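To start, the structure itself, in structure tokens.
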Amino acid sequence: MSVGYVLINVEPGSEISVFNVTSALPFVSDANLLFGDHDLLVKLDADNMGSIARLAVESIRASPGI
């Protein structure tokens, strides 16, 4: 099992909706809203780092508001 963390920037005003969508994804084990340069920190669990990279690109980056 591998763990990865993704820092996410979102469109202004969409922080809560992006948080709700990403935290509901089955491979996301934790999500936190942030203050500062990034808006959201998401913890991903997958079989390997390649899977984490694929999930980040295909699922998280494709979410509306990111």
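Quantities reported herein were computed from a predicted structural model and do not represent experimental measurements.
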Would you kindly confirm whether Val42 and Phe27 end up in one hydrophobic cluster when ILVMFWY residues are joined by side chain heavy atoms under 4.5 Å apart? yes
So with a 6.0 Å cut-off around CG of Asn32, is the heavy-atom count from everything else above 12? yes
Identify every side-chain donor-acceptor pair in residues 2-10 under 3.5 Å, counting partners at least two apart or on other chains, and give the distances.
residue, atom, partner, partner atom, Å
Asn9, OD1, His38, ND1, 3.2

Common cluster, Val28/Ile66, ILVMFWY with side-chain heavy-atom separation under 4.5 Å: yes
Atom CG of Asn20 and atom OG of Ser14: how far apart are they, to the nearest 0.5 Å? 11.0 Å
Under the side chain to side chain contact (heavy atoms under 4.5 Å, CB included) rule, collect the residues that match up with Leu33, sequence neighbours excluded. Glu15, Ile16, Phe19, Leu40
Quick one about Ser51 and Asn48 (side-chain donor to acceptor, distance below 3.5 Å, no hydrogens or angles considered), yes or no? yes
Without placing hydrogens or testing angles, list every side-chain donor-acceptor pair under 3.5 Å for residues 54-63, not counting sequence neighbours.
residue, atom, partner, partner atom, Å
Ser63, OG, Ser59, O, 3.0
Ser63, OG, Ile60, O, 3.2

Atom CG of Asp47 and atom CD1 of Ile52: how far apart are they, to the nearest 0.5 Å? 9.0 Å
